[in-house]
Amino acid sequence: MQVFKFGGASVKDAKNIKNMAEIVKNSASDNLLIVVSAIGKTTNALEELTNNYYRGNESVFENLKNIKKYHFDIIDELFEKKYTKVYDDINNTFVEIEWTIEDEPQDSYNFIYDQIVSIGELLSSKIVSHYFNFIDINNRWVDARSFIQTDNTYREAHVNWSKTTELIENQLPSILKNQIIVTQGFIGNTSENFTTTLGREGSDYSAAIFASCLNAEKLVVWKDVPGILNADPKRFPEAIKFEELSYANAIEMTYYGASIIHPKTIKPLQNKNIPLYVKPFLQPEDTGTVIKETDSVTHTPSIIVKSNQQLLSISSKDYAFISEKHLSYIFNAFSETQIHINMMQISALTFSVCIDQDLQKFEKLKSIIQADFSFRYNLDLELFTIRNFDDETILKYVDSSNVILEQKSRSNAQFIVKNS
């Protein structure tokens, strides 16, 4: 039993979907479950559509028109026109968005976001499933929302593991004996039958959930990179590939913002000792990187850069020391607003945090704390994290003249940097 996960780049056009089909044909696994992300940059496009809809901007209809064209252009290239099943299915899926944007927004932004943006994964997985059947790869499309059960924390839903495990264990193994399963990443379902999402780039996490509940032999994540590298090759051409990483090392890298794997992906696999392979979809014969239980230790520095960061400095209005009581109140506000802290530092009078830049969440945070606290902030920053750092690596990658806050521990160095 294996689980494959294909990211947006690996299904971004007809050529890549055909390549994906070749990988599946050549896989040695009889029992195979495939998790598919939204096609290309569809999630970004659907986020823009959602924002325009929520603001009452008429360009929402132009957004939808462009997204539909993108998908139907791919379908036209993959299928003969007489294969009407896929056209009907995708048209019916787009109707869910059309129904939503016909009326004024009545619900919270996060709820609306999940109902609209989740459609991207439904579209991509249906196109892939239809194409597999079209070329005689026997498969069944299943709705991930029928299996991954969550709470109602929209955009950052928490998985109900007992319900999810029970549903997957009871229903999917019998299907997998006879057919490949094609399903979606990123999405789940509440007890009230509303769609949720598991966090941005959450398809990796979905694949890990299925792999864990099915006790898979391995999970293979197909990416547009040769494996896990010590830095982003688009920014640092000299980046090198890791042949293997321990679960612990991979968790640390994803925690600090390494974008190759969703941060929640590793733990479900570690619990079942399931290895995770990250492999290039354009060179499927390459070894890629394996993440597994291993005693091997890497001393190679890793450079992780998070863009669109905000530095927020919070102080008590009465100039009191930042005490444990203050911190408890502040942390509760961050939890309530679903704001993740990427770096923090405490002085006598100030609590400073680096967070992802998100205007809506920040405005909500301000409304909670501004009665008792004053704050200053900087926008459009970058956060550099160097694991296994040394002075040479810092000098090479970090412009000290633009650093506005830094922090070092035994193995990690972090720098908040102004864009030059």
Side-chain angles (χ1 to χ4, degrees), residues 200-201 225 227-267 278 289 291 294-315 322 327 330-331 334 339-358 375-420:
R200 203 63 161 83
E201 310 295 338
V225 291
I228 296 181
L229 308 181
N230 73 324
D232 182 352
K234 296 174 183 175
R235 182 163 184 161
F236 308 108
E238 69 277 17
I240 61 173
K241 185 187 80 169
F242 294 110
E243 294 297 327
E244 71 173 32
L245 288 170
S246 67
Y247 289 122
N249 208 335
I251 288 172
E252 288 280 348
M253 290 179 66
T254 58
Y255 173 81
Y256 285 111
S259 60
I260 195 67
I261 295 292
H262 188 276
K264 294 181 180 179
T265 303
I266 308 298
K267 189 58 181 172
V278 179
T289 301
I291 299 170
T294 176
D295 294 329
S296 64
V297 178
T298 178
H299 298 289
T300 303
S302 298
I303 301 93
I304 302 160
V305 182
K306 286 179 70 73
S307 300
N308 299 316
Q309 296 295 291
Q310 176 177 349
L311 176 62
L312 174 62
S313 296
I314 303 169
S315 304
I322 295 294
L327 290 174
I330 293 168
F331 278 123
F334 276 95
I339 295 176
H340 301 289
I341 297 174
N342 300 322
M343 174 181 168
M344 59 184 171
Q345 197 169 96
I346 304 173
S347 67
L349 299 176
T350 305
F351 177 57
S352 297
V353 293
C354 182
I355 59 178
D356 294 339
Q357 200 165 297
D358 186 317
F375 47 86
R376 295 174 293 120
Y377 59 89
N378 303 80
L379 301 174
D380 301 320
L381 306 174
E382 290 186 315
L383 174 63
F384 280 70
T385 301
I386 304 178
R387 285 183 43 74
N388 302 317
F389 72 92
D390 53 39
D391 291 340
E392 181 182 352
T393 306
I394 293 173
L395 287 171
K396 182 177 180 180
Y397 293 108
V398 180
D399 181 358
S400 60
S401 65
N402 287 327
V403 172
I404 58 177
L405 193 68
E406 67 177 81
Q407 191 173 90
K408 293 179 183 177
S409 64
R410 292 177 182 176
S411 57
N412 299 322
Q414 291 189 288
F415 305 88
I416 301 174
V417 180
K418 294 183 292 184
N419 286 317
S420 55

Exercise: do S313 and S352 side chains pair donor with acceptor under 3.5 Å: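 Their side chains do contain a donor-acceptor pair, which is all the 3.5 Å distance test asks for.
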
Passing option when K241 is tested against E244, E238, E243 for salt bridge (Lys or Arg N to Asp or Glu O under 4.0 Å):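 When E244, E238, E243 are each tested with K241, the salt bridge (Lys or Arg N to Asp or Glu O under 4.0 Å) holds only for E243.
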
So, taking the atom named [atom1] in [X] and the one named [atom2] in [Y], what distance separates them when rounded to the nearest 0.5 Å?
X    : Y    : atom1 : atom2 : result
I394 : D399 : CD1   : CG    : 13.5 Å
N402 : F384 : CG    : CZ    : 9.5 Å
I355 : Q310 : CD1   : CD    : 4.5 Å
Q414 : I386 : CD    : CD1   : 10.0 Å
E252 : L245 : CD    : CG    : 12.0 Å
L311 : Q345 : CG    : CD    : 9.5 Å

Please tell me if the side chains of [X] and [Y] come closer than 4.5 Å, counting only heavy atoms from C-beta onward.
X    : Y    : value
R235 : I303 : no
I339 : D358 : no
L327 : I346 : yes
F415 : K408 : yes
I291 : I228 : yes
N249 : F242 : no
F334 : L312 : yes
F331 : M344 : yes

Considering all heavy atoms, the nearest M253-L229 contact: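 The answer is CE-O, 4.0 Å.
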
Shortest non-hydrogen contact between F236 and A231, atoms and distance: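 In terms of heavy atoms, the two residues are closest at CD1-CB, 3.6 Å.
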
Identified side-chain contact (heavy atoms from CB on, under 4.5 Å) counterpart of N342 within the set L383, T385, I416: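 For N342, the side-chain contact (heavy atoms from CB on, under 4.5 Å) check succeeds only for L383.
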
Donor-acceptor pair, distance only, cut-off 3.5 Å: does the side chain of [X] make one with the backbone of [Y]?
X    : Y    : value
Q357 : D380 : yes
N230 : P301 : yes
T254 : A250 : yes
T265 : H262 : yes

Member of D356, N419, N378 meeting the side-chain hydrogen bond (donor to acceptor under 3.5 Å, both in side chains) criterion with Q309: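 Among D356, N419, N378, the one that satisfies the side-chain hydrogen bond (donor to acceptor under 3.5 Å, both in side chains) with Q309 is D356.
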
